[in-house]
Amino acid sequence: MHTARLSFLLAFLACQGALAAARGSRPNIVLVLADDLGYSDLGSYGSEIATPNIDALATRGVRFTRFYNATRCCPSRASLLTGLYPHQAGVGHMVDHRFAPVREKAGGAPSYLGHLSERAVTIAEVLRASGYRTLMSGKWHLGPDKGTWPVDRGFDRSFAHLHQGMNYFGPKAGFSNDDDLQLVVDGEPWEPAPGVDFYLTDEISDRAAAMIREQAKDARPFFLYLPYTAPHWPLHARPADIAKHKGTYTVGWDELRARRHRKMIDLGIVDAKWPLSPRPKGVPAWDSLTPVQKADWDLKMAVYAAMVESMDAGLGRVMRALADLGAEQNTLVLFLSDNGPSSEAPQDGTPGAVVGTAASFTGYGSPWANLSATPLRDFKRSLFEGGISTPLLASWPAVIRKGGVIRHDLGHIIDVMATCLDAAGARYPTTFAKHTIIPLEGKSLLPLLTGGKRAGHDTLYWEHEGARAVRRGRWKLVAPRGAAWQLYDLEADRTEITDLAAKQPAVVKDLAARYETWAQRGSVRPFDEAWKLYQELRAQGWKQKPAPAR
């Protein structure tokens, strides 16, 4: 037998043996989701921000370079937990207590329920039925009303932030939604006691670590869903953490973007033939700013960096809890982001408040979001690569024997459910809670984690707020809301600079037809129609009601 072929076979058999042994004791699973984290915001993906605990997952595991999310908070969360496209899961639009999505009873569209569909099943529901203890600490954003909370969708224990954003220093610390319920523990509302030194990222991390330590009393394997709110706006961080970064960003977004790009090429994350996407319209050259403007922008990015590092430090405490439990070796840890970086910069704080303090409320805007998306084009809510590309890191020491591996295989957030069930040896159901369940769309990543191959997706699809996209092989067809289709060859041009639609009309026609078939299958409604119906409901004072109990 050829030496290379023999070596591959022996490696494959070793991986399969390790996998079989790990499966014998059923692994714990920790699923970590960052919020609005950009493609290049981790040290292991090119950033100057120190993220040693997250990067350790890459050192002992696998990094993916072509993994996709669903471009917005709640659609991605719906896909992540169900293995379905967002519309199939009932979350084709934002779940927002101030912007109620279209409901089935009002519009006849089961894809805009504003909470998870009864015909979708969550990872927690399947794993709990399979003998796992199911835990959650972090941002939910899949329904603000009772009947839609984590406790209603398969979680034994949960500390949940219900909405899209809140003041990191406490729900009463200053934010326009302070009168709304923000935090729940299991099935009950919760608030930090007055005077307590509360910081949301720390609370999420510390509760997750405590839940893991509780496992010493429980022989069952566990699934922990750890969806951080960080680094989603508002820009809030502890003063000492901000101080570590002040002055770092006075070199400016142009230079830092070039530095990240070079590092990403050196790391093998991006191809050197893909040039940096151009600076977006409205973003000035850094050298054109005044010293005062530079100082203001430096502070914003310093706070953002502090938020990312706080999340990393919190994950470090979670990983120490795993080690203390003796569970680190046989725990599959997955880390990814729900969408690309946010260019939003809301102004909802006290006028004149210093950025980073509890009285302030803003984001870091498109100039720094462009840095976070390096080298890709566009941001959160867009279906260009900067909006839908996410880092994905996977660690499972008992199974992944060779760390530091980079995989360029295509993957999508719908694959996470299939991966978790595959690792746990659990089966995706055809019925659950007396409902027929929509067939799973995702495919397990486990073969890729163990050095093998998998039959990937033939075609991937996206729709959000009227924007559309299709990826098949090297081709990506994409259209912003109301615009014509654009076509890009992502093997040659992942930064989406050269539109080939006019030169490849047959490819455009084929992919557009595939999109229409998928949209019909997933009950995608034209955005203008959905928006009109929402406005009518809003004028009538219509309000979301809880989902039926499961």
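The shown structure was predicted, so the numbers you read here are calculated from the model rather than taken from an experiment. Here, residue 1 is the first one in the sequence, and each next residue gets the next number.
With rounding to the nearest 0.5 angstrom, the CG atom of L421 is 11.0 Å from the CG atom of L446. L31 contributes atom CG, which lies 11.0 Å from atom CE of M417 (distance to the nearest 0.5 angstrom). Taken from CG in L80 to NE2 in H412, the straight-line distance is 11.0 Å, to the nearest 0.5 Å. A distance of 12.0 Å separates CD1 of I438 from NE2 of H435, quoted to the nearest 0.5 Å. In this structure, W475 CH2 and E491 CD are separated by 10.5 Å, a value rounded to the nearest 0.5 Å. F222 CZ to R157 CZ: the interatomic distance, rounded to the nearest 0.5 Å, is 13.5 Å.
Not one N or O on the side chain of Y85 forms a donor-acceptor pair closer than 3.5 Å with the backbone of G92. A donor-acceptor pair under 3.5 Å is absent between the side-chain atoms of E465 and the main chain of R481, judged by distance alone. In this structure, E118 contributes its side chain and F432 its backbone to no donor-acceptor pair below 3.5 Å. For the pair S137 (side chain) and I204 (backbone), a donor-acceptor distance under 3.5 Å is present. In this structure a side-chain-to-backbone donor-acceptor pair under 3.5 Å is present from D156 to T134. Of the possible donor and acceptor atoms, none in the side chain of R63 sits under 3.5 Å from a partner among the backbone N and O of I406. A donor-acceptor pair is defined here as one N or O able to donate and one able to accept, closer than 3.5 Å; no such pair exists between the side chain of D36 and the backbone of P341. Put simply, the side chain of S111 never gets that close to the backbone of G90: no donor and acceptor are under 3.5 Å apart. Side-chain atoms of R153 come within 3.5 Å of backbone N or O of L116 as a donor-acceptor pair. At least one donor-acceptor pair under 3.5 Å links the side chain of R454 to the backbone N or O of K443.
N69 and S76 make their closest contact through CB-OG, 3.6 Å (heavy atoms, listed as atom of the first residue, atom of the second, distance). Contact detail for V405 and R407: the closest heavy-atom pair is CG1-CD, 4.0 Å. The two residues T148 and D152 make their nearest non-hydrogen contact at N-OD2, 3.3 Å. When all heavy atoms of I212 and L325 are compared, the closest pair comes out as O-CD2, 3.6 Å. In terms of heavy-atom proximity, A426 sits nearest to V126 at CB-CG1, 4.3 Å. Considering every non-hydrogen atom in both P221 and P27, the closest pair reads CB-O, 3.9 Å.
At least one side-chain heavy atom of C420 sits less than 4.5 Å from a side-chain heavy atom of L334. Using a 4.5 Å heavy-atom threshold, the side chains of W396 and T450 count as separate. Residues S372 and L37 form no side-chain contact, since every pair of their non-hydrogen atoms from C-beta on lies 4.5 Å or further apart. Proximity of N53 to F335: side-chain heavy atoms (C-beta onward) are nowhere separated by under 4.5 Å. Residues L511 and W485 fail the side-chain proximity criterion, which asks for heavy atoms closer than 4.5 Å. In this structure, Y68 and H457 have side chains that are not in contact, with every pair of non-hydrogen atoms separated by 4.5 Å or more. Side-chain atoms of H232 and C73, non-hydrogen and from C-beta on, do get closer than 4.5 Å to each other. Looking only at side-chain heavy atoms (C-beta outward), L183 and F159 come within less than 4.5 Å of each other.
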Q | Test log, rule side chain to side chain contact (heavy atoms under 4.5 Å, CB included), inputs K476 and I388 | A | CA-CA 12 Å; K476 180 182 175 187; I388 59 176; 3.7 Å; yes
Q. Could you go step by step and tell me if D458 and R514 meet the salt bridge (Lys or Arg N to Asp or Glu O under 4.0 Å) rule?
A. CA-CA 11 Å; D458 177 78; R514 290 174 184 273; 3.6 Å; yes
Q.
Would L315 and L226 count as a side chain to side chain contact (heavy atoms under 4.5 Å, CB included) here? Give the steps.
A. CA-CA 9 Å; L315 182 59; L226 182 54; 4.1 Å; yes
**Q.** Check against side chain to side chain donor-acceptor pair (under 3.5 Å), Y228 and S205
**A.** CA-CA 8 Å; Y228 282 100; S205 301; 2.8 Å; yes
Q: Quick one: do L84 and R119 satisfy side chain to side chain contact (heavy atoms under 4.5 Å, CB included)? Show the steps, please.
A: CA-CA 10 Å; L84 304 175; R119 296 195 60 211; over 6 Å; no
**Q.** Test side chain to side chain contact (heavy atoms under 4.5 Å, CB included) applied to V399 and L449, step by step
**A.** CA-CA 8 Å; V399 169; L449 303 187; 5.9 Å; no
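Looking at H87 and S523, their side chains never bring a donor and an acceptor atom within 3.5 Å of each other. No side-chain N or O of H141 forms a donor-acceptor pair with one of R77 less than 3.5 Å apart. Side-chain contact check for E463 and Y461: no donor-acceptor pair (N or O, by modelled atom type) lies under 3.5 Å. T71 and N339 share no donor-acceptor pair across their side chains, judged by distance under 3.5 Å alone. Donor-acceptor pairing under 3.5 Å is lacking for the side chains of T229 and D35. Using modelled atom types, one finds a donor on one side chain and an acceptor on the other under 3.5 Å when comparing R60 with S395. D415 and T419 share no donor-acceptor pair across their side chains, judged by distance under 3.5 Å alone.
Annotation: cation-pi pair R207/W190 present, NZ/CZ under 6.0 Å from the ring centroid and within 45° of its normal.
For the salt bridge (charged side-chain N to carboxylate O under 4.0 Å, His left out) test, no residue two or more places apart in sequence or in another chain qualifies with R427. For Y225, there are no ring pair (Phe, Tyr, Trp, His ring centres under 6.0 Å) partners, not counting sequence neighbours.
Exactly one of V30, I29, V32, N28 qualifies for a side chain to side chain contact (heavy atoms under 4.5 Å, CB included) with L224. That residue is V30. Of the candidates L392, D409, L410, T390, R66 forms a side chain to side chain contact (heavy atoms under 4.5 Å, CB included) with just one, namely L410.
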